[in-house]
Trainee: 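One structure, pasted below without further comment.
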Amino acid sequence: EILDVNGVAEALSGFQREELRGRSVLEFGHYRDADDRVTQLGAVVNEPSAGREVHLTDALGGDLRLLAHTSRVTNDDRACLITAFTNVTALGRLDEGLLAAQRMEVAGKLSGGIAHEFNNLLTVMQGHLDAMAEDAAHAPHLRERVDALGRAVAQATRITSGC
């Protein structure tokens, strides 16, 4: 049961203090399941917890990623837990942005490598086309086909030069 919260918890969660008092942290997705609750509470009984990551749902249904630091305290002869949360939600977004940037970097390197290999093939094709152009000078019926191939190789070279 939530006994009380501070103003920062109100602002972070989007709930008013009165909406939170008396409710269970189970309602906010604090524990993944009953076993997770038993494990976390069992760990706190022996010693204060140091920054375990938890996810809570805010008033708008958003996911808050938090580090929870929990200690046992006694309040009016009642055993209680006091938890301080550190909001690391933005760090999760940074992690996602970093992963996206890394994926883009890998895609860029891969496409650059493919373009390089393709250009190598185009160089070979152009060399053969140059040799065929000499032969086609004596066979006018081949000249049109060699010219068409030359235009295709030139267009493919322009496309890969943009990579």
Side-chain angles (χ1 to χ4, degrees), residues 1-126 149 151-163:
E1 173 188 352
I2 299 171
L3 300 179
D4 203 359
V5 298
N6 63 16
V8 174
E10 286 181 294
L12 182 64
S13 70
F15 290 102
Q16 296 297 311
R17 178 175 280 149
E18 295 75 29
E19 295 177 280
L20 293 170
R21 285 186 184 150
R23 293 177 71 181
S24 168
V25 292
L26 292 170
E27 297 177 53
F28 303 99
H30 183 74
Y31 303 111
R32 290 183 295 276
D33 54 40
D35 290 337
D36 184 40
R37 180 177 183 271
V38 169
T39 301
Q40 287 189 37
L41 290 177
V44 172
V45 166
N46 299 321
E47 59 185 68
S49 71
R52 74 184 183 287
E53 186 173 321
V54 298
H55 291 262
L56 296 178
T57 304
D58 67 16
L60 299 175
D63 183 48
L64 296 172
R65 184 176 161 200
L66 308 166
L67 290 181
H69 306 272
T70 303
S71 298
R72 287 188 63 182
V73 296
T74 302
N75 184 17
D76 294 330
D77 295 326
R78 181 178 176 190
C80 297
L81 299 175
I82 186 166
T83 301
F85 292 110
T86 303
N87 186 2
V88 294
T89 305
L91 293 176
R93 287 192 295 268
L94 288 174
D95 285 347
E96 291 166 12
L98 178 60
L99 287 174
Q102 288 172 334
R103 282 193 296 270
M104 290 298 293
E105 180 183 3
V106 168
K109 286 180 179 179
L110 180 62
S111 64
I114 291 170
H116 177 75
E117 292 300 320
F118 195 69
N119 273 329
N120 289 343
L121 294 172
L122 289 171
T123 300
V124 171
M125 288 180 201
Q126 187 61 55
L149 283 171
R151 287 190 299 274
V153 168
Q155 182 178 0
T157 301
R158 281 191 300 277
I159 290 171
T160 58
S161 68
C163 294

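Here the structure is a predicted model, which means the values were calculated and not measured. Scope of the values below: all heavy atoms of this structure, side chains included, with no hydrogens, waters or symmetry mates.
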Trainee: Looking at every non-hydrogen atom in both residues, tell me the closest pair between Leu20 and Ile2 and how far apart they are.
Mentor: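 Here Leu20 and Ile2 meet closest at O-CB, 3.5 Å.
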
Trainee: What distance do Phe118 atom CZ and Met125 atom CE have between them, rounded to the nearest 0.5 Å?
Mentor: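 Answer for the CZ-CE pair, Phe118 versus Met125, is 6.0 Å.
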
Trainee: Asn87 and Leu66: which non-hydrogen atoms are nearest, and at how many Å?
Mentor: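 Of all heavy-atom pairs spanning Asn87 and Leu66, the closest is CA-CD2, 3.6 Å.
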
Trainee: For Gly62 versus Asp58, what's the shortest heavy-atom pair and its separation?
Mentor: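 Smallest heavy-atom distance, with atoms named: N-OD1, 2.6 Å.
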
Trainee: Enter the distance from Thr160:OG1 to Arg158:CZ here, rounded to the nearest 0.5 Å.
Mentor: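 Here the interatomic distance stands at 10.5 Å.
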
Trainee: Any side-chain to backbone donor/acceptor pair from Arg21 onto Asp4? Under 3.5 Å, distance only.
Mentor: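 Checking the backbone N and O of Asp4 against the side chain of Arg21, no donor-acceptor pair under 3.5 Å is found.
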
Trainee: Return the minimal non-hydrogen interatomic distance between Arg78 and Leu3, and the atom names on each side.
Mentor: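 So the minimum-distance heavy-atom pair works out to NH1-CD2, 3.6 Å.
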
Trainee: Working to the nearest 0.5 Å, report the span between CG of Leu64 and CZ of Phe85.
Mentor: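 These two atoms lie 9.5 Å from each other.
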
Trainee: Once rounded to the nearest 0.5 Å, what's the spacing between atom CG of Asn119 and atom CD1 of Ile159?
Mentor: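 Nearest 0.5 Å value for the CG-CD1 distance: 11.0 Å.
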
Trainee: State the CZ-CG distance between Arg65 and Leu56, to the nearest 0.5 angstrom.
Mentor: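 Between Arg65 CZ and Leu56 CG, I get 13.0 Å after rounding to 0.5 Å.
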
Trainee: For the atom pair OG1 (Thr70) and CG (Leu81), what is the distance rounded to the nearest 0.5 Å?
Mentor: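 Taking OG1 in Thr70 and CG in Leu81, the distance rounds to 6.5 Å.
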
Trainee: Return yes when atom CG of Leu121 has more than 12 non-hydrogen atoms of other residues, nucleotides or ligands closer than 6.0 Å, and no otherwise.
Mentor: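 It does: Leu121 CG has more than 12 such atoms within range.
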
